Amino acid sequence: MITVSARPYAFSLDPAHVALVVIDMQRDFIEPGGFGAVLGNDVSRLTAIIPSVAALLSLFRGQKLPVLHTREAHRPDLSDCPPAKRLRGTPGLRIGDEGAMGRILIAGEPGNQIVPELAPLPGEMVIDKPGKGMFWATDLHETLSAKGITQLVFAGVTTEVCVQTSMREANDRGYECLLIEEATESYFPEFKASAIEMIVAQGGIVGWAARLQDLETAFARELVHG
Ligand code: C5J
């Protein structure tokens, strides 16, 4: 076990049963000119975490620990997108509409890809999810269970939407969840701060939160260098 300084108290990370989860670091949410930017969001807040997420990926890849990437993605025929989700928002800027980087949130479109700096490596898990949470309408729980994974370290965007939803789903399925604060971001700084507080409140009701530096220190102290 590796002891990571965290809130609300130290996280005991088990290298034999942990995976890194990088949520939705997709061009349409992150890059200038994408869907997020067209909606009026300041994407520079999200772009700024790319180096921290890259550092986290290096940490896990360096120890040959499993890595999982998610994408919020719908089928081109939208058969996995309920009208209640699709019809929300402004016509022309809805899921499936033509955006600056192809059809918005549609699998295979340029904007739906993970930013090149964080591209999955061969052998890493990539899950296309039609919901905000990564377990809804996916076979992820079965996949992780088959690999014996019981702990998840989270990064990605946005903190209060897809990251927090996925953490809550994971927590309900019995996973121990640790969020890395510098490796997650929101278009709204107050939402990020509140989401983290919600996660660690009440004795860690959803999970733990740690600084990237504290995870790096724990890995350097307790794991062999590969
Ligand atoms: C994610 C969203 N990835 N904000 N999606 O958080 O709609």
Side-chain angles (χ1 to χ4, degrees), residues 20-50 52-53 56 68-75 78 80-90 92-97 99-115 117-120 125-138 140 152-171 177 179-196 198-199 206-207 209:
L20 173 64
V21 180
V22 181
I23 300 280
D24 298 2
M25 292 296 288
Q26 295 164 252
R27 298 184 63 205
D28 250 337
F29 293 126
I30 309 265
E31 290 188 359
F35 177 51
V38 170
L39 289 175
N41 296 303
D42 175 9
V43 295
S44 68
R45 297 189 52 78
L46 275 54
T47 312
I49 70 164
I50 290 176
S52 296
V53 180
L56 201 47
L68 157 67
H69 305 259
T70 69
R71 297 181 291 214
E72 188 172 347
H74 291 277
R75 296 187 195 123
L78 294 171
D80 59 355
C81 186
K85 181 176 184 187
R86 186 169 55 82
L87 298 177
R88 227 162 299 164
T90 313
L93 288 177
R94 291 174 173 163
I95 295 167
D97 291 346
M101 298 186 195
R103 292 180 70 202
I104 296 164
L105 292 189
I106 299 299
E109 297 288 330
N112 207 241
Q113 306 309 312
I114 292 167
V115 294
E117 299 91 326
L118 307 175
M125 294 174 269
V126 181
I127 295 284
D128 281 344
K129 59 180 181 61
K132 303 300 180 193
M134 65 185 188
F135 291 99
W136 165 248
T138 71
L140 183 55
L152 299 171
V153 173
F154 278 88
V157 298
T158 60
T159 317
E160 78 281 9
V161 185
C162 290
V163 175
Q164 187 178 199
T165 305
S166 295
M167 275 189 85
R168 287 176 181 273
E169 286 185 341
N171 186 50
C177 300
L179 177 61
I180 304 303
E181 298 193 23
E182 294 84 354
T184 184
E185 197 46 85
S186 169
Y187 300 122
F188 309 96
E190 66 278 20
F191 288 179
K192 171 180 175 176
S194 297
I196 293 173
M198 285 181 220
I199 285 162
V206 178

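Values below: all heavy atoms of this structure, side chains included; hydrogens, waters and symmetry mates excluded. Just so it is clear, the structure is predicted and the values come from calculations on it, not from any experiment. Each ligand, and each atom within it, is numbered from 1 in the order the structure gives.
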Item checked: Counterpart residues, side-chain hydrogen bond (donor to acceptor under 3.5 Å, both in side chains), relative to Arg75 (two or more places apart) -> Ser79
Notebook entry, point to check: Between Arg103 and Glu109, is there a salt bridge with N-O shorter than 4.0 Å?
Noted result: no
Note to self: What's the separation between atom CG in Leu39 and atom CZ in Phe29, rounded to the nearest 0.5 Å?
What the structure shows: 9.5 Å
In a simple table, one pair per line, please give the protein and ligand 1 atom names for every N or O pair closer than 3.5 Å, along with the distance.
| from | atom 1 | to | atom 2 | distance (Å) |
| --- | --- | --- | --- | --- |
| ligand 1 | 3 (N) | Asp24 | OD2 | 2.8 |
| ligand 1 | 3 (N) | Val157 | O | 3.2 |
| ligand 1 | 5 (N) | Glu72 | OE1 | 3.0 |
| ligand 1 | 6 (O) | Thr158 | N | 2.9 |
| ligand 1 | 6 (O) | Thr158 | OG1 | 3.1 |
| ligand 1 | 6 (O) | Cys162 | N | 3.2 |
| ligand 1 | 7 (O) | Lys132 | NZ | 2.8 |

Check: Is it true that Lys192 and Glu160 have a side-chain N and a carboxylate O under 4.0 angstrom from each other?
Finding: no
Check: When rounded to the nearest 0.5 angstrom, what distance separates CG in Leu179 from CE in Met167?
Finding: 5.0 Å
Checklist line | Interatomic distance, Ile49 atom CD1 to Thr159 atom OG1 [nearest 0.5 angstrom] | finding: 7.0 Å
